[in-house]
Undergrad: 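Let me begin by handing over the structure; questions about it come next.
Numbering of ligands and ligand atoms starts at 1, following listing order. The analysis underlying the following values was restricted to heavy atoms, covering all of them including side chains, and did not include hydrogens, waters or symmetry mates.
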Amino acid sequence: MPIPEQDVVRISPPPMTRAESLYIPEVVKGFGTTLRHFFTSFGQGRTSRTMQYPEVRREDLRVEEGGLNKSNFRGVHRLNRDEQGRVKCVACMMCPTICPARCIHIEAAESPWQDREKYPAKFEIDELRCIYCGMCEEACPVDAIELTPEYDIVGASRQEMIFDKEKLLHVYDVTIGGKPM
Ligand code: SF4
Ligand code: SF4
């Protein structure tokens with residue numbers, strides 16, 4: 001449906017001053033900013049955000065007890081284990097339902113254990129499709145899925161970046177002690 005003319009707001013840019021219309025002063029100002037950042041990028045109190053990765057890694061992604069970060073950074077997922085080492089997930093389907101990117105795929109099956117009805121026979125997350133919003137973590141009623149501070153994951157193919165249950169449990173194993181992957 002076309003937008004009615006009375007609802008359209010037309011905005012005209014403010015006219016340029018005589019100095020702005022010459023462009024030269026603005027170009028000089030721009031170079032000044034570049035040079036300021038160049039000369040203040042060395043030594044203490046530097047303004048540069050460039051890091052020599054991977055020799056230098058982000059230290060401000062605090063890893064706290066349980067290998068989880070309490071900052072607002074959200075990295076690769078892990079599937080948590082219970083005290084008996086089993087996958088904690090009870091296949092309630094809350095996380096794939098709430099996921100805005102539709103990147104969680106679970107196949108629920110009858111649980112082989114007495115203390116729950118279902119468990120995930122298959123659990124996959126497409127880490128490339130994920131937007132790391134953290135809603136799966138928020139929705140999980142049993143704290144089975146969590147986002148870790150790990151960010152440097154690589155894969156040679158798209159398929160490798162689809163993390164299956166074993167890989168997500170492996171992320172738990174290597175992050176629970178706060179160890180790097
Ligand atoms: S972090 Fe967000 S986008 Fe990624 S799997 Fe969880 S709910 Fe989906
Ligand atoms: S919300 Fe938690 S328990 Fe439910 S399917 Fe997702 S990970 Fe499993």
Undergrad: Give me the nearest non-hydrogen protein atom to atom 6 (Fe) of ligand 2 as residue plus atom name, then the distance to 0.1 Å.
TA: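 The protein heavy atom lying closest is Cys95 SG, 2.3 Å.
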
Undergrad: Looking only at atom types and distance, does a side-chain atom of Arg129 sit under 3.5 Å from a main-chain N or O of Ala101, one as donor and one as acceptor?
TA: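 Between the backbone of Ala101 and the side chain of Arg129 there is a qualifying donor-acceptor contact (under 3.5 Å).
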
Undergrad: Can you tell me which portion of His77 lies within the under-4.0 Å heavy-atom range of ligand 1? Options are side chain, backbone, both, or neither.
TA: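 Answer for His77: side chain.
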
Undergrad: Can any side-chain N or O of Arg74 pair as donor or acceptor with the backbone N or O of Tyr132 at less than 3.5 Å?
TA: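 A pair under 3.5 Å: yes.
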
Undergrad: Within the 4.0 Å heavy-atom shell around Ile106, which atoms of ligand 2 are there?
TA: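 It comes down to these atoms of ligand 2: 5 (S).
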
Undergrad: Determine the interplanar angle of the Tyr53 and Tyr151 rings, folded into 0 to 90°, and report it as parallel if under 30°, tilted if 30 to 60°, perpendicular if over 60°.
TA: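 The arrangement is tilted - the two ring planes meet at 30° to 60°.
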
Undergrad: To the nearest 0.5 Å, how far apart are CD1 in Ile145 and CG in Leu147?
TA: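 It is 7.0 Å, given to the nearest 0.5 Å.
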
Undergrad: To the nearest 0.1 Å, how far is atom 7 (S) of ligand 1 from its closest protein heavy atom, and which atom is that?
TA: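 The closest heavy atom on the protein side is Cys136 N, 3.3 Å.
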
Undergrad: Main chain of Met16, side chain of Glu20: is a donor-acceptor contact present, judged purely on distance under 3.5 Å?
TA: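 It does not hold such a pair.
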
Undergrad: Using distance alone, with no hydrogens and no angle criterion, decide if Ser111 and Arg116 have a side-chain donor and acceptor under 3.5 Å apart.
TA: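 Short answer, no.
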
Undergrad: Does any non-hydrogen side-chain atom of Cys95 lie less than 4.5 Å from one of Phe123?
TA: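 Of all side-chain heavy-atom pairs linking Cys95 with Phe123, at least one is under 4.5 Å.
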
Undergrad: With heavy atoms only and a cut-off of under 4.0 Å, state how Ile145 meets ligand 1: side chain, backbone, both or neither.
TA: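 Neither; nothing of Ile145 gets under 4.0 Å from ligand 1.
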
Undergrad: Begin with the C-alpha distance, continue with both residues' side-chain angles, and end with the deciding distance and a verdict on salt bridge (charged side-chain N to carboxylate O under 4.0 Å, His left out) for Lys167 and Glu124.
TA: CA-CA 9 Å; Lys167 205 161 177 179; Glu124 285 181 349; over 6 Å; no

Undergrad: For atom 8 (Fe) of ligand 1, which protein heavy atom lies nearest, and how many Å away is it?
TA: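 That would be Cys99 SG, 2.3 Å.
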
Undergrad: For atom 3 (S) of ligand 2, find the nearest protein heavy atom and state the residue, atom name and distance (0.1 Å precision).
TA: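 Checked against all protein heavy atoms, atom 3 (S) of ligand 2 sits closest to Val90 N, 3.4 Å.
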
Undergrad: At a 4.0 Å threshold, what atoms of ligand 1 neighbour a non-hydrogen atom of Cys130?
TA: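 Within the 4.0 Å cut-off of Cys130, ligand 1 contributes 1 (S), 3 (S), 4 (Fe), 5 (S).
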
Undergrad: Please state which part of Lys88 comes within less than 4.0 Å of ligand 2, counting heavy atoms only: side chain, backbone, both or neither.
TA: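 Neither; no heavy atom under 4.0 Å.
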
Undergrad: Using every non-hydrogen atom in the two residues, find where Lys88 and Arg81 come nearest and quote the distance to one decimal.
TA: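 Lys88 and Arg81 have their closest heavy atoms at CD-O, 4.0 Å.
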
Undergrad: Give the numbers and elements of all ligand 1 atoms closer than 4.0 Å to a heavy atom of Gly134.
TA: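 Listed by number with element, the hits are 1 (S), 2 (Fe).
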
Undergrad: Any N/O/S atom, side chain or main chain, of Cys103 closer to atom 2 (Fe) of ligand 1 than 2.8 Å?
TA: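 Looking at Cys103, which is the residue asked about, there is no N, O or S atom under 2.8 Å from atom 2 (Fe) of ligand 1.
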
Undergrad: Looking only at heavy atoms, which two atoms of Val56 and Met51 are closest? And how far apart?
TA: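 Reported closest heavy-atom pair: CG1-CE, 3.4 Å.
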
Undergrad: Check each atom of ligand 1 against the heavy atoms of Cys133 and keep those under 4.0 Å away; list them by number with element.
TA: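 Going through ligand 1 atom by atom, the ones under 4.0 Å from Cys133 are 1 (S), 2 (Fe), 3 (S), 7 (S).
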
Undergrad: Considering the heavy atoms of Tyr132, write down every atom of ligand 1 situated less than 4.0 Å from one of them.
TA: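 Reading through ligand 1 atom by atom, the close ones are 1 (S), 4 (Fe).
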
Undergrad: Among all the protein's non-hydrogen atoms, which is closest to atom 4 (Fe) of ligand 2, and how far away is it?
TA: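 Its nearest protein heavy-atom neighbour is Cys92 SG, 2.2 Å.
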
Undergrad: May I ask you to identify the nearest protein heavy atom to atom 2 (Fe) of ligand 2, giving residue, atom name and distance to one decimal place in Å?
TA: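 Result for atom 2 (Fe) of ligand 2: Cys140 SG, 2.3 Å.
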
Undergrad: Is the distance from atom 8 (Fe) of ligand 2 to some N, O or S atom of Cys89 under 2.8 Å?
TA: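 Short answer: yes, at least one N, O or S atom is under the cut-off.
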
Undergrad: Scan Glu127, Glu137, Glu146 and name whichever one has a salt bridge (Lys or Arg N to Asp or Glu O under 4.0 Å) with Arg78.
TA: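 Of the listed residues Glu127, Glu137, Glu146, the salt bridge (Lys or Arg N to Asp or Glu O under 4.0 Å) partner of Arg78 is Glu146.
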
Undergrad: Should you measure from each heavy atom of Ile104, which atoms of ligand 1 turn up under 4.0 Å away?
TA: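 Near Ile104, meaning under 4.0 Å from one of its heavy atoms, ligand 1 has 5 (S).
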
Undergrad: Heavy-atom contacts with Val142 under 4.0 Å: which atoms of ligand 2 show up? List them by number with element.
TA: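 Within the 4.0 Å cut-off of Val142, ligand 2 contributes 3 (S).
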
